Amino acid sequence: MLSSIHKSVCAAFAGTMEHSRGDMSAEPVSAISPAGASSTGLQQSLGLFDSTMIVAGSMIGTGIFIVSADMARQVGSVGWLLGSWVITGLLTIAAALAYGELAAMMPRAGGQYVYLREAWSPLCGFLYGWTLFMVIQTGTVAAVGVGFARYLGILWPRISESAYIIPPIHVTSRYAVSLSNAQLVGVSIIALLTWSNARGINYGKLIQNTFTSAKLFALLGVMVVGIIGWSALGSSNFTNLWTPHGFTPVAPGLTPETLLGLIVALCVAQVGSLFAADAWNNITFTAGEVKNPRRNVPLSLALGVFIVIGLYICANVAYAAVLPLDKIQHAPSDRVAGAMLQAVFPAVGAQLMAIAIMISAFGCINGMLMSGARAYFAMARDGLFFRRAASVNRAHVPGWSLAMQGAWAGFLVLVRTYDPATGAFGNLFSNLLDYVVSAALLFYILTIAGVFRLRRLRPDAERPYRAWGYPVVPAIYILSAAIILAVLFLYRPATTFPGLVIVLIGVPIYFAFRRSAAGKTF
């Protein structure tokens with residue numbers, strides 16, 4: 001229902017705007033050269049390996065080491081925990097295969113923003129780009145930056161979110177601004193990687209390739225530890241795979257012991273696993289800098305997603321091989337991977353896990369900063385973002401777009417939430433990311449639906465790669481994702497409806513940018 005409403009809003013503007021952009025610089029699909037090159041000033045420097053590392057590196061952040069605890073509490077058994085990750089894997093692979101067609105058809109900087117713009121309307125594309133800038137990309141960067149600082153605190157205990165340089169200054173009764181040394185570390189990492197990416201695409205890809213390779217080996221190490229721990233400690237999880245226990249009901253009277261409760265629990269659990277597996281689409285934002293993008297972008301999507309999903313499932317098998325279910329469900333601060341390493345290596349487990357997560361976080365932030373800036377660059381070239389973001393610097397990268405993204409992500413690190421009842425401080429980005437998980441899923445649905453729409457609207461457009469299993473596989477993704485989305489709106493309205501509000505706030509912003517583009521302001 002909500003997906004239909006959103007499509008209607010987008011389609012309402014499609015007829016008058018889709019190919020009438022006035023002074024905007026967007027090119028129609030038919031105008032794109034086979035190499036995907038244009039007059040953007042960007043340089044095609046990314047090969048297949050570089051592109052695959054962007055896919056894998058952007059996907060692997062800190063989520064895989066944490067989210068399984070909450071998922072296990074929701075589904076109540078190891079079998080359905082692993083089943084949840086398999087569902088996530090199938091959905092992500094199906095989406096990546098569908099995106100491959102769009103990426104080969106439109107190998108342009110901006111990626112998913114461009115696909116939504118061409119399939120539905122500039123408004124629809126802008127609403128995605130707006131949400132990407134305000135929360136999805138920058139909020140994730142902020143969260144991973146603070147996550148880096150938290151794990152640095154394990155190695156260096158003086159780093160803490162309660163060790164204030166500037167104590168919280170209340171802006172309202174529920175929001176404050178502060179600067180702890182942990183926040184300072186998070187902001188500094190964001191600033192450092194923004195600066196290094198502004199020096200050129202070769203700096204960004206060197207960091208990405210190095211740290212993504214390291215964290216892939218770190219995940220392989222987690223699996224090896226799981227094998228060692230299984231043989232040394234044993235586990236009863238695999239003798240009682242499917243019987244739920246120790247679960248937290250999704251709603252009163254709705255438990256995974258019933259078929260309906262299990263379906264709902266599996267859908268709600270996807271919030272964690274889909275978040276941990278998100279950002280695979282980031283390579284599409286950088287398509288304008290990929291060599292032979294019509295081949296390498298779809299191929300890197302497939303390779304990167306297959307590698308990461310395989311590692312994620314194996315990592316969860318490793319958790320279950322070492323830790324009893326209740327230890328997974330109640331790992332300290334939900335740090336399941338840390339609890340597993342601690343069980344196998346009591347003396348150094350926490351430190352080893354901290355190093356692995358810091359490596360993972362560093363590479364994830366770099367990949368997301370590098371790719372996200374290209375989306376806002378494409379929006380600015382269409383007159384739908386600040387004009388300076390449309391320019392490239394002497395290093396042939398969108399320096400202003402990188403700076404704006406880094407500044408907003410840093411600001412999100414500094415803003416705190418406050419609960420007057422408990423006196424506890426939280427992080428604004430955590431709330432925002434909870435809100436937009438459902439919105440991000442909605443945009444994935446619309447993008448894959450765009451494969452069907454563009455097949456009908458532009459049947460003769462060049463498609464070097466066609467979505468595998470079309471129309472069945474893309475349709476299964478749309479149906480499955482729509483069911484998950486419906487369940488989230490029914491059973492998690494406190495987090496899903498605010499996400500929809502964040503998206504719709506972009507509507508007046510869109511018209512403000514259009515008026516600005518006509519008057520050449522901003």
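If you're wondering where the values come from, they're calculated on a predicted model, not measured in any experiment. The first residue in the sequence is number 1, and the count goes up from there.
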Tyr435 OH to Leu432 CG distance, which is reported to the nearest 0.5 Å
7.5 Å
How far apart are the closest heavy atoms of Gly469 and Pro474, and which atoms are they?
O-CD, 3.9 Å
By side-chain contact (heavy atoms from CB on, under 4.5 Å), which residues pair with Ala198, not counting sequence neighbours?
Asn393, Leu402
Determine, step by step, whether Ser68 and Asn316 satisfy the side-chain hydrogen bond (donor to acceptor under 3.5 Å, both in side chains) criterion, reporting the C-alpha distance in whole Å, the side-chain angles of both residues, the deciding distance to 0.1 Å, and the verdict.
CA-CA 8 Å; Ser68 293; Asn316 278 272; 2.5 Å; yes
Gln208: what forms a side-chain hydrogen bond (donor to acceptor under 3.5 Å, both in side chains) with it, not counting sequence neighbours?
Thr212, Asn366
Just checking Trp280 against Tyr99, ring centres under 6.0 Å apart?
yes
Where at least one partner belongs to residues 213-226, residue pairs that pass salt bridge (charged side-chain N to carboxylate O under 4.0 Å, His left out), sequence neighbours excluded
none
Phe429 and Val146: CA distance, side-chain angles, deciding distance, side chain to side chain contact (heavy atoms under 4.5 Å, CB included) verdict
CA-CA 10 Å; Phe429 57 75; Val146 172; 3.7 Å; yes
Taken in chain and number order and not counting sequence neighbours, the residues that satisfy ring-ring contact (aromatic ring centres under 6.0 Å, His included) with Phe362 are Phe211
Could you tell me which residues satisfy side-chain hydrogen bond (donor to acceptor under 3.5 Å, both in side chains) with Ser273, sequence neighbours excluded, listed by chain and number?
Thr88
Heavy-atom donor-acceptor pair, Trp130 side chain to Ile509 backbone, under 3.5 Å:
no
Looking at Leu193, is its backbone amide N or carbonyl O close enough to the side chain of Ser196 to form a donor-acceptor pair, meaning the two atoms are under 3.5 Å apart?
yes
Could you tell me which residues satisfy ring-ring contact (aromatic ring centres under 6.0 Å, His included) with Phe217, sequence neighbours excluded, listed by chain and number?
none
Under the side-chain hydrogen bond (donor to acceptor under 3.5 Å, both in side chains) rule, collect the residues that match up with Gln74, sequence neighbours excluded.
Asp70
According to side-chain hydrogen bond (donor to acceptor under 3.5 Å, both in side chains), who are the partners of Arg150, at least two apart in sequence or on a separate chain?
Glu161
Just verifying a value: how many Å separate Met134 CE and Ile502 CD1, rounded to the nearest 0.5 Å?
8.0 Å
Checking Asp278 side chain against Leu274 main chain: does a donor-acceptor pair fall under 3.5 Å?
no
Supply the atom-to-atom distance Arg466 CZ to Glu101 CD, rounded to the nearest 0.5 angstrom.
6.5 Å
Is there any salt bridge (charged side-chain N to carboxylate O under 4.0 Å, His left out) pair reaching into residues 42-66, and which pairs are they, with sequence neighbours excluded?
Asp50-Lys205
Report yes if the side chains of Thr210 and Met53 come closer than 4.5 Å at any heavy-atom pair, otherwise no.
no
Start with the C-alpha distance between Ile60 and Val308, add both sets of side-chain angles, then the distance that settles side chain to side chain contact (heavy atoms under 4.5 Å, CB included), and finish with yes or no.
CA-CA 7 Å; Ile60 305 171; Val308 173; 3.9 Å; yes
Heavy-atom closest pair (Ala315 atom, Leu219 atom, distance to 0.1 Å) is CB-CD2, 4.3 Å
Could you grab the distance from atom CD1 of Ile313 to atom CG of Leu82, nearest 0.5 Å is fine?
8.5 Å
I'd like to know if the side chain of Arg117 reaches the main chain of Pro122, judged simply by a donor and an acceptor atom lying under 3.5 Å from each other, with no hydrogens or angles considered.
no
Keeping the roles fixed (side chain from Asp434, backbone from Thr495), state whether a donor-acceptor pair exists under 3.5 Å.
no
Spell out, as yes or no, whether a donor-acceptor pair under 3.5 Å connects the side chain of Ser391 to the backbone of Arg388.
yes
Restricting to non-hydrogen atoms, name the atom on Tyr113 and the atom on Gly125 that form the minimum distance, rounded to 0.1 Å.
CD1-O, 3.2 Å
ring-ring contact (aromatic ring centres under 6.0 Å, His included): which pairs involve residues 282-302, sequence neighbours left out?
none
Might you point out which heavy atoms bring Ala119 and Gly450 nearest each other, and give the distance in Å?
CB-CA, 3.7 Å
Between Gln405 and Phe133, is there a donor-acceptor pair closer than 3.5 Å when you use the side chain of the first and the backbone of the second?
no
Compute the centroid of each ring, for Phe386 and then for Phe513, and state whether the two points are separated by less than 6.0 Å.
yes
Mind checking what makes ring-ring contact (aromatic ring centres under 6.0 Å, His included) contact with Tyr470, not counting sequence neighbours?
Phe452
Checking the side chain of Ser480 only, and the main-chain atoms of Tyr477 only, is there a donor and an acceptor separated by less than 3.5 Å?
no
Let me see the working for Thr447 and Tyr128 under side chain to side chain contact (heavy atoms under 4.5 Å, CB included), right down to the final yes or no.
CA-CA 10 Å; Thr447 304; Tyr128 172 71; over 6 Å; no
Val503 vs Phe443, test: side chain to side chain contact (heavy atoms under 4.5 Å, CB included). Steps then yes/no.
CA-CA 10 Å; Val503 173; Phe443 284 119; 3.8 Å; yes
Counting N and O atoms only, with roles assigned by atom type, does the side chain of Gln137 sit under 3.5 Å from a partner on the main chain of Met368, one being a donor and the other an acceptor?
yes
Say whether, by atom type as modelled, one donor and one acceptor occur between the side chain of Thr286 and the main chain of Ile283 under 3.5 angstrom.
yes
Provide the closest heavy-atom pair for Gly100 versus Tyr465 in the form atom of the first, atom of the second, distance.
C-CD2, 3.3 Å
Shortest non-hydrogen contact from Leu369 to Ile190?
CD1-O, 3.8 Å
Output all residues satisfying ring-ring contact (aromatic ring centres under 6.0 Å, His included) with Tyr312, sequence neighbours left out; order by chain, then residue number.
Trp85
